[in-house]
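Here's the structure, in structure tokens; my notes come after.
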Amino acid sequence: MPELPEVEAVAREVRSALLRSSIIDVHVRRWDVVTGAARRRERLLLGSGVREVLRRGKQLALCGHDDAVIVVQLGMTGAFGIVAASAPIEPHTHVTWRLDRSRELRFVDPRRFGGITWLKDRHELVDRWSRLGPDALDLHGDWSARVAASRRAIKAALLDQHAVAGVGNIYADEALALAGIRPQRACTRVARHEFDALGHAIGSIMRSAIAGGGSTIRTYRRLSGETGAFQASLRVYGRAGEPCRVCSRTLQSELVAGRTTVWCDACQR
DNA sequence: ACAGCTCCCTGCATGC
DNA sequence: TGCATGCAGGGAGCTG
């Protein structure tokens, strides 16, 4: 499932391809994945071209020359990328943008937890993103101020995009393991130095995943078919019942914040 | 205001 | 082999 590193990989691919391209046509195959465009394909960047490709947390924004903005969210199973226009349309392809030089930008999402949102201008994007927490790649010393007073579990706070933007279930567990903090612990019981360690853990895990081209967990894949190599280095995610890579104790698992959560009872306190 | 829950959806793994 | 079942989870929206 795409998290920040995967979305960043998509942003880079799409940015380098789109900034020197024109959009010739747009084909919306399922309108219910699009919100805000009033069902007019002219509003999906057709004719305007893309001036800028931005990312905040797990959200991607394509800014057109006409000031309209398209926000793309990949959800669980979304894929977004450039392919040859002649490539077969795979199932669950919901929107395609025909580009010059016989290429196509496609949004594919079997489970449809993702989607595309049309915004009328940059102000709407600024407003929308101001409600997100700081980007997980760019956490400063005071990032924890927003969550430290909360009584909920630290993992619930990490998954809350309004607290920190970009952390999903995989990297929440991985970061908590690296920082030695139990996912269930209340934020109020996490010390300042532990928040600092957690912030560093999140950043270093995100950066190494990006360097590895994004992880290849289950449903995530690039439209081009390439895969990443980060999966092999996961510490706890998906390893319930297996031995901790540090102390060999059997990894525990239970639901926290409604999500499957894996941790080591010995290494995490 | 906050925290916790349900729901949306399809693909895959599992079990009979 | 084939079918039914359960599980995976990001985020909106609802509830207590």
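Residue numbering restarts at 1 for every chain, and letters A, B, ... go by the order of the sequence lines.
- Rounded to the nearest 0.5 Å, atoms CD1 (A:I23) and CG (A:L44) are 9.0 Å apart.
- With rounding to whole Å, A:L4 atom CG is found 14 Å from C:dG10 atom C1'.
- Residues passing the salt bridge (Lys or Arg N to Asp or Glu O under 4.0 Å) test with A:R101: none are found, sequence neighbours excluded.
- Close to C:dA8, at under 4.0 Å from its OP1 or OP2, lies a side-chain N or O of A:T260.
- Whole-Å rounding puts the A:L255 CG to C:dG10 P distance at 13 Å.
- For the pair A:R146 CZ and B:dA1 C1', the computed distance is 15 Å after rounding to whole Å.
- We find that A:D160 and A:R152 are joined by a salt bridge, their nearest charged nitrogen and carboxylate oxygen being less than 4.0 Å apart.
- What separates CZ of A:R111 from P of B:dC7 is a distance of 17 Å, to the nearest Å.
- For residues 180-191 of chain A, the salt bridge (Lys or Arg N to Asp or Glu O under 4.0 Å) pairs, not counting sequence neighbours, are A:R182-A:D265, A:R185-A:E194.
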Output one letter per nucleotide in nucleotides 11-16 of chain C: B when a protein non-hydrogen atom lies under 4.0 Å from the base, S when only the sugar-phosphate is that close, - when neither is. B-----

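- Across its full length, the helix from B:dC2-C:dG16 to B:dC16-C:dG2 shows an angle of 50° between the axes of its 5 terminal pairs at either end, rounded to 10 degrees.
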Cut-off 3.5 Å, no hydrogens considered: what does the side-chain donor-acceptor table look like for residues 247-259 of chain A, sequence neighbours left out?
from: A:Q252; atom 1: NE2; to: A:T250; atom 2: O; distance (Å): 3.1
from: A:S253; atom 1: OG; to: A:T261; atom 2: O; distance (Å): 3.4
from: A:E254; atom 1: OE2; to: A:Q184; atom 2: NE2; distance (Å): 3.1

Please produce a list of atom pairs where a protein N or O lies less than 3.5 Å from an N or O of nucleotides 2-5 of chain B.
from: B:dA3; atom 1: OP1; to: A:S150; atom 2: OG; distance (Å): 2.6
from: B:dA3; atom 1: OP1; to: A:R151; atom 2: N; distance (Å): 3.1

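- Counting only distance, with no hydrogens or angles, the side chain of A:H92 and the backbone of A:E90 share no donor-acceptor pair below 3.5 Å.
- Distance, A:R112 CZ to B:dC7 P: 18 Å, rounded to whole Å.
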Run the side chain to side chain contact (heavy atoms under 4.5 Å, CB included) test on A:R207 and A:L137 for me, step by step, so that the C-alpha distance in whole Å, both residues' side-chain angles and the decisive distance to 0.1 Å come before the verdict. CA-CA 7 Å; A:R207 278 188 292 275; A:L137 253 192; 3.7 Å; yes

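- No donor-acceptor contact under 3.5 angstrom links the side chains of A:R29 and A:T93, judged on distance only.
- In this structure, NZ of A:K155 is placed 10 Å from C1' of C:dG9, rounded to the nearest angstrom.
- Taking the six-membered ring for Trp, A:F80 and A:W97 have ring centres closer than 6.0 Å.
- The phosphate of C:dG9 (OP1 or OP2) has a side-chain N or O of A:Y237 nearer than 4.0 angstrom.
- For B:dG11, the OP1/OP2 oxygens have a side-chain nitrogen or oxygen of A:H92 closer than 4.0 Å.
- A salt bridge links A:R12 to A:E8: at least one charged side-chain nitrogen sits closer than 4.0 Å to a carboxylate oxygen.
- Looking only at atom types and distance, the side chain of A:Q161 has no donor-acceptor partner in the side chain of A:R131 under 3.5 Å away.
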